[in-house]
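Heads up: the structure comes next, in C-alpha cells.
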Amino acid sequence: MIFARRKQKQNKEAANSIYYAKDNSKYVIEMAPEIGLLKSLGIVKDAIVEKIMTYKLGGPVLLQVESCEIAVSKDIAEKIIVRG
Amino acid sequence: MATCHDIKADPSVYEKPNKILLMGNPNVGKSVFFSSMTGVHVVSSNYAGTTVSYTEGQIKLGDKNYTLIDVPGTYSLEANSEAEAVAVSFLHSNPVAVLCVLDATNLEHNIKLGLELKKFNIPIVYALNLIDVAKRHGMEINAGLLSQELGAPVIPTVAVKGEGLAEVKKELQKILEQQQNSCSHCAACPGCGSTGTEQDTWERAREIAARVRKKGEGRLSFLDRLGDAMLRPLTGLPLAILVIALSLGVIVGGGKALRAVFLLPLVNKVLVPLFKMIFSSFIPEGVLLNVLIGEYGIFVIGFEWIIALIFPYVFLFYIVFSFLEDSGVLPRLSVLFDNIMRKMGIQGGSMITILMGYGCAVPAIIGSRTATTYKERIMIATIVCFSVPCISQTGALISLFAGFSPLLLVLMLLLSLAVMVSVSLVLGRVIKGKVDPMVLEIPNLLMPNAKAYAKKLMLRMKHFLLEAEVPMLFSVIIAALLKETGLLDLLAVYFEPLVSGWLGLPRDAVIALILGIVRREMAVAPLLAIEGLTALQAFVGGAVALLYLPCLSVFGVLSKEFSPKVALAMGLATTVTAFIVAGLINQIAHLFL
C-alpha cells in the first residue's frame with residue numbers, strides 16, 4: 001500500500017525532475033527551489049548542468065555545474081525541474 | 001540585513017580600526033593565507049566550512065599595523081548560514097581593505113563572489129589561488145585580463161607553498177596607500193555600488209571566466225581519477241571501507257605497538273621507578289607517600305594513564321584524521337553515506353562533524369556551527385555526546401578489552417551505532433524545526449602539503465596537551481586522593497546498590513564513575529587497574545563509560561554554544577541512559593550466563 005503510493009509519487013515527478021533524469025547528460029534548469037546555497041552554487045533557472053548520477057536508496061544526485069561537482073540531496077533534487 | 005545572531009562573537013572586533021578582511025568561497029585556502037601572513041596558526045582542511053567563526057591576527061604592511069581577519073568562507077553574501085552571517089557583518093564594519101581568495105579551478109563561483117564583494121566599494125586585492133591544480137587540469141588563466149575585468153589587482157598564488165604571498169602583501173600595501181590619498185571615507189559607505197540581480201552577476205561571472213580561461217589538454221592525474229572513483233558507489237564503497245579499515249588499523253595497531261614497544265617500558269621501567277626512588281628517599285612511609293607513588297599514586301597513574309594509555313591514540317588519531325581532512329576524502333564519504341544519514345534524520349554533510357567527534361567532542365560541537373538549522377546543530381551535538389567516544393576514551397577501551405577478546409570491541413562499536421541511530425531517530429521526531437537537506441560542493445582530491453599538514457598536526461597536539469593535560473592531571477589527583485586516603489571505601493558503600501547490585505561491577509569501579517565526570521577516558525582507566533574483572537564486567541563498565549556524561553570541557557562548550565540548560569539536560573540524559581542501558585546489559589546477560 002505504502003509502496004504503491006510511493007511509486008505513484010515517483011512517476012508523477014519522474015517526467016521532468018533532475019533526480020529521475022538520465023545520467024551523463026546535460027540539462028537546462030527550468031525551475032529550482034529558492035534556496036540560497038543552490039543559487040550561490042549556480043543551480044538557478046536557465047543554468048546548464050550535467051547530471052552525472054543518482055545514488056541508490058534515497059541518496060543524492062551528483063551534478064557538474066561549471067567546473068565543479070556538487071551533490072544535491074534527494075529532497076531538493078526532486079524539486080529541480082529540467083528540460084533535456 | 002543579516003546580523004550576527006547566534007555566534008558568540010566579541011562585538012568589539014567589529015569596531016577595531018584598520019581591519020583587512022580575508023574572504024572567499026569556502027575551501028579556497030583562506031586559512032592557509034592567514035597562517036602564513038600573520039604567523040597565527042589556524043586549522044585548515046580540504047572541505048567547506050573549516051573556519052566557522054573568525055580568527056584575527058596582526059600583519060605589518062610597510063610601517064603600519066593592520067588586523068587581518070580570517071572570515072568564514074561564503075558562496076554568497078546573503079547569509080545562508082551563521083557563518084555567512086558573520087561574513088556579512090564584517091563587511092559592514094568599515095574594513096580598510098578586502099583580500100579575496102579565488103579558487104583558480106572553479107572560476108565561475110569565485111568570480112561571482114568577487115563581483116558581489118566589489119559592490120561594497122572597499123579596496124580589494126584578489127589572490128588567484130590553487131593555480132598549480134588548475135594547471136594540472138589543463139587550465140591556463142590570464143591573470144592580467146582577469147585583473148582588468150575585475151578592476152582590481154589579481155595575484156596568482158599557491159598558498160600552501162607560499163608562492164605569491166609577498167606580491168599579495170605588496171599589492172595590499174599599494175591599494176591602502178592609494179586610498180589614503182584619495183577618498184578615504186568611501187570605505188564607510190557599504191553597498192553603494194552598482195545594483196543588479198543575482199542572475200546578472202552569474203551571467204557576468206560566466207562571461208569573465210570564459211574570457212580569461214583557456215582550456216588546454218586536461219589530462220586526468222591519478223588523484224583526479226581516484227577522486228572520481230571514490231564518488232562512484234561501485235568503487236567508492238569498497239574504497240571507503242578500505243580507508244576506514246586502514247585508518248582503524250593505523251590507530252589501533254599503531255597505538256598498541258607504540259605502547260608495547262616504547263611507552264610502557266618507558267613508564268614502567270624508567271619513569272615510575274625513578275619517581276618512586278626520588279620520593280621514597282625523603283618522604284616517610286604513610287598516606288602522603290602513597291598519594292604520590294602508591295598503587296594509585298599521582299606519579300604512577302599519572303604516567304601510566306596519560307603517557308602510555310592516552311597519548312599514543314590521540315597522536316595517531318590526529319595523524320590519520322588530519323590527512324583525511326586535507327586530502328578531500330571526507331566530503332566524498334558524506335556523499336556516499338547521505339542516504340543512510342538522511343534516513344536517520346540528519347544529512348550527509350554532518351558526517352564530517354560527527355567523525356571529528358571521534359577525536360574530541362569539543363571541536364565537533366563547535367564545528368556543528370556549519371549546520372544551517374538549530375535542529376541539526378542540536379542533533380549533531382547530542383549524537384556526539386551520547387554515542388561517539390573520543391579518541392582518549394577509545395584508547396582506554398581498546399586497552400581494557402585487549403585482555404579479553406576483540407569481539408568485545410566489535411560489540412561496543414555496534415552498541416554505539418545502535419545508540420546513535422536511536423538517538424537521532426528520537427530527536428528527529430521530538431525536536432521542532434527541520435534539517436536542511438544536503439547541498440555539498442566536492443573539493444578536488446589533493447595530496448596534503450607536507451608543511452601545512454605538519455603544522456596542523458603540531459597545532460592539534462599542542463592544543464591537546466594544553467587543554468586536556470590539566471583536567472587529566474586533576475582527575476589523576478582526585479583518583480590518588482580518593483583511593484590512597486581510604487575515602488573511596490566510605491563512598492563506595494553509598495554507591496554499592498547501583499555499582500554492584502544493578503551494574504554488577506566491583507565496588508572499586510565507583511572511582512570510574514566519579515572521574516568520568518572530569519574526563520571521558522577516566523571513566524575507563526580505573527577499570528584497567530581492577531584485578532579479576534570478567535569480560536561481562538569489562539563490557540558493562542565500557543558501556544557505562546561510552547554513554548556516560550561527557551567530560552567537563554564538553555559541558556562547558558555545550559553551555560557556551562547552546563545554553564547551560566542544554567548542557568544540564570544533556571548531562572542528565574546521558575547519565576540516566578548509561579545506567580539504564582549498561583544495567584540492562586548486565587541483567588539480561590545474567591539471565592543467560
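Computed from a predicted structure; not experimentally measured. As a basis for the values below, the full set of heavy atoms in this structure was taken, side chains included, without hydrogen atoms, waters or symmetry mates. Below, chains carry the letters A, B, ... as their sequence lines are ordered, and counting in each starts from 1.
Closest approach of A:Cys68 to B:His109, counting heavy atoms only: SG-CE1, 3.2 Å. Across B:Pro437 and A:Asp75, no two heavy atoms sit closer than the pair CG-CB, 3.8 Å. Of all heavy-atom pairs between A:Ala71 and B:Val335, the closest is CB-CG2, 3.6 Å. A pairwise comparison of heavy atoms in A:Leu41 and B:Tyr75 identifies CD2-CE2, 3.5 Å as the closest pair. When every heavy atom of B:Arg206 is checked against every heavy atom of A:Gly42, the shortest pair comes out as NH2-O, 4.5 Å.
Two residues are said to be in side-chain contact when any heavy atoms from C-beta on lie closer than 4.5 Å; A:Ile76 and B:Val439 meet this criterion. Taking 4.5 Å as the limit, some side-chain heavy atom of B:Asp228 sits within range of a side-chain heavy atom of A:Glu69.
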Any chance you could lay out the side chain to side chain contact (heavy atoms under 4.5 Å, CB included) test for A:Ile35 and B:Asp436, step after step, and finish with the verdict? CA-CA 10 Å; A:Ile35 296 171; B:Asp436 284 336; over 6 Å; no
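For a residue to count as touching a neighbouring chain, one of its non-hydrogen atoms must lie under 4.5 Å from one of that chain's; by this rule A:Lys56 touches chain B with the backbone only. The contact between A:Leu57 and chain B is made by backbone and side chain atoms together, counting heavy-atom distances below 4.5 Å.
Comparing B:Leu231, B:Thr105, B:Leu113 by how many heavy-atom pairs each has under 4.5 Å with chain A, the most go to B:Leu231.
Counting non-hydrogen atoms of neighbouring residues, nucleotides and ligands closer than 6.0 angstrom, the CD1 atom of A:Ile48 reaches no more than 12 such neighbours. Heavy atoms of other residues, nucleotides or ligands lying less than 6.0 angstrom from NZ of B:Lys214 number 12 at most.
Considering B:Arg342, B:Gln347, B:Met341 as possible partners of A:Ser73, the one that fulfils the side chain to side chain contact (heavy atoms under 4.5 Å, CB included) test is B:Arg342.
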